[in-house]
Amino acid sequence: MTETTIGSALPKSYRPADFEGAVYERWIAADVFAPDGKGATADPDAEPFVIIQPPPNITGSLHLGHAQRTAVEDLMVRHARMLGRPTLFLPGLDHASIAAQFVLDRIIAGEGESRASLGRERYLERMHRFIAETRDVMLGQQRRVGGSFDWGRLRFTMDDVSSRAVREAFSRLYRDGLAYRTEALVNWCPGCRTSVSDLEVLPKPETGTLWFVRYHLLDGGAPGTETITVATTRPETILGDTAVAVHPDDPRYAALVGRMVRIPFVERDVPIIADEAVERDFGTGAVKITPAHDHDDYAMGRRHDLAMITILDDEARVTDQGDGYAGLDRYEARKRIVADLEARGDLEGSKPHEMVIGRCQRSDDVIEPRLKTQWFVRAAPLAEAALAATRSGRTRILPERFEKVWEHWLTNIRDWNVSRQLWWGHRIPAWYCPDGHVTVSADANGPSACETCRRPATELTQDPDIFDTWFSSGLWPFSTLGWPEDTADLRRYYPTSVMETGHDILFFWVARMMMLGIHLTGREPFHTVYLSGLIRDAQGQRMSKTKGNVVDPLAVMEESGADALRFALIHGATPGIDQRFGAQKLENARNFANKLWNATRYVLGARPETIADGATRQPPDRSRLGPAERWILSRAAATTEAVDRAVADYAFGEMTRVLYDEIWGEFCDWGLELAKVRLADASLAAADREATWWTLVDALDTYLRLLHPVMPFITEALWEALPHRETDPELLIVARWPGILDRDAEAESEVAAIVDLVRGIRNARSEAKIEPATWLPVDIAIPQRLGATFSALRPAIERLAHARPLTRHLTSEALRAAAGDGGLAVIAGDVEAVVGRDLGGRDVDRLDRARVEKELAEAQAFLAAARERLSNASFLAKAPEAVVAGARAREAELSDAVDRLTDRLARET
RNA sequence: GGGCGGUUAGCUCAGCUGGUCAGAGCGCCUCGUUUACACCGAGGAAGUCACUGGUUCGAGUCCAGUACCGCCUACCA
């Protein structure tokens, strides 16, 4: 498909894999992707349309979700490009800190190595080798899907510009008091050996055990016989208890508040305190408090100024604070402590307990809350600005209902822990001097001296931690455009237009981009957030590698083509709603592509010999158009309107539905069939046949343009084979989006009546079990207003209904007089026909009678409903006039049909 | 515990601001080799739009409640 091909050169079979790659090469060669590429045909003064692609994690290959993203984004981009807007679709990859380490750890484990055995430096070298491989694979997949990316602007979240942006962003946050370092309780994953953000902790239901433990109250400085029973699911944390809490209004314990109890094993004396956070109805109403290992206890510890004792280390083993249990794994310690409590007689009992446990999103380890000194980003003020953006409408979230979720999350947001004890990622640009002073620097080489005491750089040490991967992702919409430099790209393309992503990362990512974007650039990073649904498998299961139900987009495209994949992903997709994906949808999409291919092949092959091969496209001669031609053009105009509406509403599923129905159900099924007859009619003037052909070319051209954003490859290939206007560009990708043309209401309604007639005749024949190949005489009564259309389309009606001879009568009475009582009756609106007037045989009569009776019953039911409505005084009084008029017309039409059908039955006996 | 969403033909789903909206694809049944297409064409069967009330002249379409299903969120250890 790389050479100019007209007509017969189009291969007979639709084989997408044969030409999709070549088409992409042509786009690249023509330099049409970049807004400032030499093949771009945009109006330089038009408002740019910009999508910065959510960068996929550089951890392996792309899945269907990525393909869907690219398809939807590329759709918007191509549409904007065809509207003549300068269009930037910027591709990228994410270093995916924790996710990448997780993947690499598994790989090197297979090589007999580990993070520890390699050490930081060699581990990072290994990582670079790894991503060098995946990178090319992933970019190749993006191309295969057909994304019209500006490859010259490809970015990576760990490249120099991004690194610079990260340092600068953090420095500014620090300077503005929005980044701070403190010791706080963080979510620690013992498997990953790092802290993770609240979002990365997944609550999972589990059946645990609730143990009831007796603590002895002190009596004169020593434990007495008096006890208080607490309930706990984590007995090992007894070692870190620094209080027992009860509800202040709980009469059972009122007298005990203020007294001391002795914690077993560690033999520590701690107070009984009163706090409203305690649920009186749960357990015993008394709860042990371990501030250093539980979020709620931590909060309570802060309120009551309790000691915070860390009893578990980085690997979740008991520390020296744990006395005799030091060195034991947390679960081993739990077992031993339970046994020991029992031995001491202080275990009152236990019972199974349904609970929710926080697990690591990556490793599934049970998250251990621990005290750590780390960096945090103050979220509340940033969230306030993000909320203001959506509330004011400066940024819109689609579908709208997600704005509620957005509101809820941002109004309850907690500070963001950005420190990670990992190696792969952006190192935190903070340096500490021996005196404990902190220096944050945006300089790539670090600070020259401690900014507090001026100690030289050589005495400073950099924070060993790296940033949460979402920190650099949060800068993506502007770091990709060169921020913090005031670049031409940043000025021209920021804020971006649409952020399209999955609803599952609304908080992880979109919220962070909004918060950081507004603070650092002073502007919302995008006008619209379009949230896609997730792709699930045909059974509705979430696709995951562990389940083994992941569909490889490359294999799908090799088999069915990128266009079919894109169409299937976009068709029936509703924003924010998960979508099932299966072989059926793909097959349907491929069949549609095949249909389009063959329709185009037909049009090309039907070119009248009076038009030269390779002729420049001409508009059809208006004076020579028949009703079918006018109908075809009007339907194309109607489609354009509907597609424009759908795209404006981001209703891409609706867009494909409209195109599918129009192209297949209208243009191919009726437009081409009607045109065929005229094109083959040697009795017509050549100019008439030419007008018909140019009409088909016109409509097809429109459909290919409208479909291009969804199915770029096939439309480009087919369009190339069609005649072009002198003003058309070389490639469809940069051709203009169809403008709105006038509809032809008269042609639309008249041809629709003829279509109904043909359907009616076919239906009658089929019900009467008449062989399709049999020609039958058809007598027809058609009202005056349809006379001209009927005459023009008579040969087509004959052929499509297999009707010969076709005789027209002026009135219903004349029809009956001529046709007699035989044959099959057809009532289509105000057109009436008798098929096969000399058709005999009781079987045919019986079958026809059954059909007519069924139609009559239907018509009568509808008529009764219509009459009832019209007899309702309130309806007449309160309904709008147009509705009442419509009901009247309907009533008349139905009444007429009932009369005719009744009459027919009466005569048929 | 709180919030949000879903419940429309056997299956997967469209149905926007209430008035031909009861639809599509697949599947199913009956026919069919008329040179664009069997990855096709013609025709057909199939749903009390989860349930119960309410608003309205009129409700899959708006409101309330109920039942399942799903997602998000949460300091009952």
Side-chain angles (χ1 to χ4, degrees), chain A residues 10 12-14 203 210 230-234 237 245 277-284 286-290 294-300 353 355-356 399 401-402 404-405 408-409 412 503-504 506-507 534 538 540 560 564 571-574 576-585 587-606 645-646 649 651 653-654 657 660-661 665 668-669 672-673 676 758-759 762-767 769-773 799-800 802 862 865-866 869 872-880 882-884 886-887 889-890 893-894:
Chain A
L10 207 55
K12 187 162 172 12
S13 300
Y14 167 58
L210 190 60
V230 297
T232 179
T233 55
R234 305 185 55 198
T237 61
V278 179
E279 288 288 333
R280 275 175 282 185
D281 300 334
F282 186 86
T284 60
V287 56
K288 57 189 268 325
I289 302 299
T290 321
D294 181 278
H295 284 103
D296 306 334
D297 292 5
Y298 178 74
M300 207 179 290
H353 180 59
M355 51 197 269
V356 173
R401 66 188 162 82
F402 276 96
K404 290 182 196 163
V405 188
H408 183 256
W409 192 75
N412 297 295
H503 63 70
D504 54 331
L506 181 63
F507 305 133
L534 270 39
S560 306
H571 193 55
T574 312
I577 296 196
D578 293 354
Q579 185 192 170
R580 294 187 191 203
F581 186 88
Q584 293 172 1
K585 288 184 181 178
E587 207 174 298
N588 185 229
R590 191 209 46 202
N591 291 352
F592 177 56
N594 184 60
K595 185 76 179 176
L596 186 68
W597 181 271
N598 282 298
T600 305
R601 253 181 2 103
Y602 164 73
V603 171
L604 293 173
R645 256 199 313 277
D649 292 345
E654 168 73 4
R657 195 189 61 73
Y660 184 97
D661 289 352
C668 292
D669 286 352
L672 293 185
E673 294 306 322
K676 268 179 192 174
V758 171
R759 282 214 174 101
R762 284 171 168 174
N763 172 298
R765 295 177 52 120
S766 172
E767 294 280 303
K769 312 247 184 247
I770 292 165
E771 293 287 308
R799 171 176 151 145
L800 297 178
H802 239 71
F862 281 119
R869 210 143 71 113
N872 185 332
S874 314
F875 172 70
L876 298 176
K878 296 186 182 176
V883 174
V884 176
R890 175 111 173 106
E893 195 181 307
L894 286 165

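Chain naming here is simple, since letters A, B, ... match the order of the sequence lines and numbering starts at 1 in each.
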**Asked** If you round to the nearest 0.5 Å, how far is CG of A/N594 from CZ of A/R601?
**Response**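 If I round to the nearest 0.5 Å, the distance is 9.0 Å.
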**A/N591 CG to A/Y14 OH distance, which is reported to the nearest 0.5 Å** = 10.5 Å
**Prompt:** With sequence neighbours excluded, what pairs up with A/F507 under the ring-ring contact (aromatic ring centres under 6.0 Å, His included) test?
**Reply:** A/W409
Sticking with atom [atom1], work out how far [N] lies from [M], rounded to a whole angstrom.
| N | M | atom1 | result |
| --- | --- | --- | --- |
| B/rA59 | B/rG54 | P | 12 Å |
| B/rG70 | B/rU33 | C1' | 49 Å |
| B/rU8 | B/rG15 | P | 14 Å |
| B/rC28 | B/rG10 | C1' | 9 Å |
| B/rA22 | B/rG27 | P | 27 Å |
| B/rU61 | B/rU7 | C1' | 15 Å |
| B/rA45 | B/rU66 | C1' | 35 Å |
| B/rG23 | B/rC57 | C1' | 26 Å |

Hey, does [X] reach any base, or is it just sugar-phosphate, or nothing, if we go heavy atoms under 4.0 Å?
| X | result |
| --- | --- |
| A/H408 | sugar-phosphate |
| A/A231 | base |
| A/K288 | nothing |
| A/R580 | sugar-phosphate |

**Request:** On the 0 to 90° scale, with breaks at 30° and 60°, tag the A/F592-A/Y660 ring pair as parallel, tilted or perpendicular.
**Result:**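 Tilted: the ring planes of A/F592 and A/Y660 meet at 30° to 60°.
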**Closest-nucleotide ordering on RNA chain B, the 5'-leading residue of A/D669 and A/Q584** =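 This one resolves to A/Q584.
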**Request:** For A/V287 and for A/K769, find the nucleotide of RNA chain B with the closest heavy atom, then tell me which residue's nucleotide is more 5'.
**Result:**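 The 5'-side residue here is A/K769.
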**Message:** For RNA chain B, please output the secondary structure as dot-bracket, reading 5' to 3'. Pairs are Watson-Crick or G-U wobble, both atom distances under 3.5 Å; mark crossing pairs with [ ], other-strand partners with |, unpaired with a dot.
**Reply:** (((((((..((((.....[...)))).(((((.......))))).....(((((..]....))))))))))))....
**Request:** For the pair A/R762 (side chain) and A/L800 (backbone), establish whether a donor and an acceptor sit closer than 3.5 Å, ignoring hydrogens and angles.
**Result:**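 Checked: pair present.
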**Heavy-atom donor-acceptor pair, A/D294 side chain to A/D296 backbone, under 3.5 Å** = yes
**Prompt:** On RNA chain B, which is the earliest and which the latest nucleotide, 5' to 3', with an atom closer than 4.0 Å to a heavy atom of chain A?
**Reply:** B/rG5 to B/rA77
**Asked** Quick one: does A/K288's side chain get under 4.5 Å of A/T237's, heavy atoms only?
**Response** yes
**Message:** Within the structure provided, determine whether A/V287 and A/I289 are in side-chain contact (heavy-atom separation under 4.5 Å).
**Reply:** yes
**Message:** Please report whether the ring centroid of A/H408 lies less than 6.0 Å from that of A/F402.
**Reply:**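 No: the rings miss the under 6.0 Å criterion.
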**Item:** Glycosidic class, syn or anti, of B/rG60 using a 90° window around 0
**Value:** syn
